[in-house]
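Here the structure is laid out as structure tokens; the discussion comes afterwards.
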Amino acid sequence: MNSDKPASGETAAINFIQEAINEHNETGRFDGRVHTRFPPEPNGYMHIGHAKAFYLNYAIAQANGGLFNLRFDDTNPLKEDVEFVESIKEDIAWMGCDWGDRLYFASDYFGKLYDYAVQLIEQGDAYVDSQSGDESRVGRGTVKVAGTNSPYRERTVEENLDLFARMRAGEFADGDHVLRAKIDMASPNMLLRDPILYRIRHATHHRTGDAWCIYPLYDWAHGLEDSIEGITHSLCSLEFDTHRPLYDWFLDRLGVFHPQQIEFARLNLTYTVMSKRHLGRLVEEGFVSGWNDPRLPTISGLRRRGYTPAAIREFLDRVGVARADSTADHALLEFCIREELNKTAPRRMGVLRPLKLVITNYDEDKIEMIPCDNNPEDDDAGQREVPFGRELWVERDDFREDAPKKWFRLAPGKEVRLKHAYFVTCDEVVKDNAGEVIELRCSYDPASRGGSSPDGRKVRGTLHWVSARHAVKAEVRLYDHLFAALVPGADHDGDYTRDINPESLVKLSDARLEPALGEIGEGERVQFMRHGYFCLDSVESAPDKPVFNRTVGLRDSWAKLEKKLSKG
RNA sequence: UGGGGCGUCGACAAGCGGUAAGUCACAGGUUUUUGGUACCUGCAUGCGGAGGUUCGAAUCCUCCCGCCCCAACCA
């Protein structure tokens with residue numbers, strides 16, 4: 001499960017979509033063929049909710065020996081841009097979803113779509129409407145009141161053909177006319193009240209330039225895009241359920257290949273927001289540093305944070321696919337990345353908030369190279385040698401002047417184990433004028449080298465450490481939920497920015513790391529022992545000033561225990 | 001004149017008339033040179049509610065309640 005590509009057996013347990021496919025295979029509806037697609041609009045960055053959609057499409061195709069297309073649904077030149085095309089491709093590929101040579105654009109079908117529209121007009125199934133936007137809005141009625149027919153609804157086929165050709169030729173201004181399907185203005189399904197197929201937009205398209213000044217709308221274009229590509233199963237999110245009758249109507253009227261649209265519930269996650277619009281606002285208003293801010297659920301953010309494609313896929317597999325609105329627990333995502341990194345990430349020692357520890361009975365100039373296991377979970381990971389000397393950095397949080405109950409770590413007079421090295425006992429606490437502890441003076445037991453004593457005495461606490469003389473200085477960034485609320489905005493009338501967690505990013509600029517961490521490469525993931533999993537920040541890290549991101553912390557049962565003790 | 005979708009443990013989610021899987025979370029314990037990991041145990045007499053059909057109902061029927069989506073020339 002650690003490869004970049006999903007294993008074939010990895011795909012999720014059978015779900016209702018696979019059941020539908022099984023049924024189609026039995027009846028021979030698609031001749032046993034399974035062909036899916038992911039149709040993003042290039043107007044923003046991909047987030048983990050999109051990942052659910054494209055991974056589902058990809059996995060379903062894989063599981064059935066089928067094909068998966070990537071198709072950009074670029075029918076609205078006002079909102080779309082090539083910048084997004086590239087980032088979307090990068091994110092989908094990174095997730096291991098391979099579209100082979102099947103990269104398509106809805107804009108490639110503009111000519112065919114136009115011809116189909118002409119066919120519809122000729123059949124008497126579409127007409128040019130010349131009402132203003134306001135008029136047609138009023139005419140559509142409301143959810144409880146039937147709409148009324150447009151005064152232009154009964155134009156002749158010839159007139160419609162002429163007007164439509166002139167729309168395409170650029171004879172009219174934006175908004176002068178639209179092409180509408182002639183369905184039923186009284187339908188209880190609002191979408192069937194003569195939906196608009198084309199609007200006039202004198203805008204330059206990022207791919208077709210100025211070749212067109214009329215652009216198709218989603219409902220008209222989407223089913224045909226699927227049909228043209230021979231898609232068998234058109235998977236989309238729940239809100240398109242009411243669009244399905246329209247999807248079917250166009251395909252039936254045109255008599256073309258007819259894929260099956262199937263809707264599933266989109267992914268929501270606790271402690272975050274998940275829509276391009278909401279994420280975009282966070283970026284634009286500076287609540288985060290960009291679309292790839294490590295606190296965002298964007299694919300680029302998760303990547304920068306240190307998440308792996310396999311862990312995200314595992315998460316998606318565990319969440320499953322169903323039709324009920326749901327909000328997955330963010331803790332499950334964290335579980336998945338911990339599960340993988342525990343098995344794969346080399347262990348290293350890093351002191352985040354340094355406190356000097358001096359071993360008074362250790363020779364001033366002596367340096368020992370201490371062999372340390374790279375990963376107790378992986379027998380093949382081997383060992384590395386870490387320099388040890390008289391002056392060390394240890395974690396400030398690992399010392400308490402007044403040790404609480406069940407405290408296993410450093411305190412005056414207490415003995416602890418320095419991981420892989422020696423037992424040390426805290427003899428003296430040195431403070432500055434302000435009363436701040438600035439140094440611990442300890443003595444070590446030379447017989448305890450390697451971390452165990454020949455007399456067999458037990459030491460409960462094991463601490464990580466870094467030789468002061470060899471330490472690499474670095475900045476470390478600790479991340480927490482971007483929002484403090486389970487469902488951001490729920491208690492503030494939807495204004496999720498009011499639930500922003502002020503401590504979602506903590507920068508520690510004075511961390512001291514073992515030498516091996518000075519040579520780590522981008523994309524490598526390590527465990528800082530007793531802290532969590534970290535990687536180099538791909539944006540702001542520099543060779544002379546490394547910056548590490550915490551992907552996720554280790555479980556901290558001491559923190560829980562202490563909380564309980566202080567309450568009890 | 002409204003239409004559509006959905007309600008099974010704190011969160012996901014199996015279940016498809018034969019007597020409530022699993023995972024995360026949570027709680028307790030064992031092991032431990034990471035208070036990590038691993039392992040063990042516990043966690044729905046109950047399936048939104050009320051009736052009904054049946055030997056038997058989360059599964060079928062009826063009514064009710066709740067939540068989500070639809071009135072962009074967005075997707």
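All chains are named by letter (A, B, ...) in the order of the sequence lines, taking the proteins before the strands, and each is independently numbered beginning at 1.
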**Prompt:** Quick one: which of B/U23, B/G3, B/C74 gets closest to the side chain of A/Arg318?
**Reply:** B/U23

**Asked** Considering every strand shown, what is the Watson-Crick or G-U wobble mate of B/C6 when both distances are under 3.5 Å?
**Response** B/G66

**Item:** Separation between the C1' atoms of B/U23 and B/G15, rounded to whole Å
**Value:** 16 Å

**Asked** Looking at the side chain of A/Glu239, which of B/C16, B/C69, B/U23 is the nearest nucleotide?
**Response** B/C69

**Spacing of the C1' atoms in B/A20 and B/U59 (rounded, Å)** = 12 Å

**Fill in**
Among B/A72, B/C70, B/U34, the one nearest any side-chain atom of A/Arg137 is B/A72

**Prompt:** Counting N and O atoms only, with roles assigned by atom type, does the side chain of A/Thr344 sit under 3.5 Å from a partner on the main chain of A/Glu340, one being a donor and the other an acceptor?
**Reply:** yes

**Prompt:** Just checking A/Phe240: base, sugar-phosphate only, or nothing, at a heavy-atom cut-off of under 4.0 Å?
**Reply:** base

**Sole candidate of A/Arg409, A/Arg353, A/His464 that passes side chain to side chain donor-acceptor pair (under 3.5 Å) when paired with A/Glu395** = A/His464

**Message:** Whether the side chain of A/Glu263 and the base of B/G4 hold a donor-acceptor pair under 3.5 Å is what I'd like checked.
**Reply:** no

**Asked** How far, in whole Å, is B/G29 from B/C43 if one measures between their C1' atoms?
**Response** 15 Å

**Item:** Under-4.0 Å salt bridge between A/Glu415 and A/Arg457
**Value:** yes

**Asked** Looking at the rings of A/His177 and A/Phe172, which for Trp means the six-membered one, are their centres under 6.0 Å apart?
**Response** yes

**Fill in**
Note: for A/Leu418 and A/His222 on RNA chain B, the residue whose nearest nucleotide lies more 5' is A/Leu418

**Message:** Check the phosphate of B/A75 against A/Thr75, side-chain N and O only, distance under 4.0 Å to OP1 or OP2. Yes or no?
**Reply:** yes

**Request:** Just name whichever nucleotide pairs with B/G42, Watson-Crick or G-U, keeping both distances under 3.5 Å, else none.
**Result:** B/C26

**Message:** Nearest to the A/Lys564 side chain among B/G28, B/A25, B/A71, which nucleotide is it?
**Reply:** B/G28

**Asked** What's the closest nucleotide to the A/Arg323 side chain, out of B/C26, B/G10, B/G5?
**Response** B/G5

**Asked** Does CZ in A/Arg460 sit with more than 12 non-hydrogen atoms of other residues, nucleotides or ligands closer than 6.0 Å?
**Response** no

**Message:** Using O4'-C1'-N9-C4 for purines and O4'-C1'-N1-C2 for pyrimidines, with syn meaning within 90° of 0, is B/A72 syn or anti?
**Reply:** syn

**Message:** Tell me whether the side-chain N/O atoms of A/Arg201 come closer than 4.0 Å to OP1 or OP2 in B/C74.
**Reply:** yes

**Asked** Among B/C74, B/C12, B/C24, which nucleotide sits nearest the side chain of A/Ala331?
**Response** B/C24

**Asked** Parallel, tilted or perpendicular: which fits the ring planes of A/Tyr218 and A/His243, with parallel below 30° and perpendicular above 60°?
**Response** perpendicular

**Asked** Under the 3.5 Å rule, do the base of B/U34 and the side chain of A/Arg347 count as making a donor-acceptor pair?
**Response** yes

**Message:** Whether A/Arg199 contacts B/A75 is assessed here as follows: a side-chain N or O lying under 4.0 Å from the phosphate OP1 or OP2. Is that the case?
**Reply:** yes

**Message:** Starting the side chain at C-beta, find the nucleotide from B/C12, B/U34, B/G3 nearest to A/Thr242.
**Reply:** B/G3

**C1'-based separation of B/U54 from B/U62 [nearest Å]** = 16 Å

**Message:** Side chain of A/Pro376 only, heavy atoms from C-beta on: which candidate in B/G5, B/U34, B/A72 is closest?
**Reply:** B/U34

**Request:** Quick one: do A/Asp556 and A/Arg530 satisfy salt bridge (charged side-chain N to carboxylate O under 4.0 Å, His left out)? Show the steps, please.
**Result:** CA-CA 9 Å; A/Asp556 188 353; A/Arg530 305 207 301 132; over 6 Å; no

**Message:** Could you identify the nucleotide paired to B/G17, looking across every strand shown and requiring Watson-Crick or G-U wobble geometry with both distances under 3.5 Å?
**Reply:** none

**Message:** If you compare every side-chain N and O of A/Ser557 against the phosphate oxygens of B/G36 (OP1, OP2), does one of them come in below 4.0 Å?
**Reply:** yes

**Item:** Integer angstrom distance from the C1' of B/G35 to that of B/U30
**Value:** 15 Å

**P atoms of B/C55 and B/A50, separation to the nearest Å** = 23 Å

**Prompt:** Is there a donor N/O on one and an acceptor N/O on the other, under 3.5 Å, for the side chain of A/Arg244 and the base of B/G4?
**Reply:** no

**Asked** Relative to the 5' end of RNA chain B, which residue comes earlier, A/Asn342 or A/Lys560, by the nucleotide with the nearest heavy atom?
**Response** A/Lys560

**Prompt:** Rounding to the closest angstrom, what is the interatomic distance between B/A58 and B/G7 at atom C1'?
**Reply:** 12 Å

**Prompt:** Among B/G35, B/C12, B/A75, which is the nearest nucleotide to the side chain of A/Thr462?
**Reply:** B/G35

**Message:** Heavy atoms only, 4.0 Å cut-off, all strands: where does A/Trp407 land among base, sugar-phosphate and nothing?
**Reply:** base

**Asked** Of the nucleotides B/C26, B/C74, B/A71, which one has an atom closest to the side chain of A/Arg555?
**Response** B/C26

**Message:** Taking the P atom in each of B/U37 and B/A44, what is the distance between them to the nearest angstrom?
**Reply:** 25 Å

**Request:** Compare the aromatic ring of A/Trp558 with the six-membered base ring of B/G35 and state whether they stack according to the 5.5 Å and 30° rule.
**Result:** yes

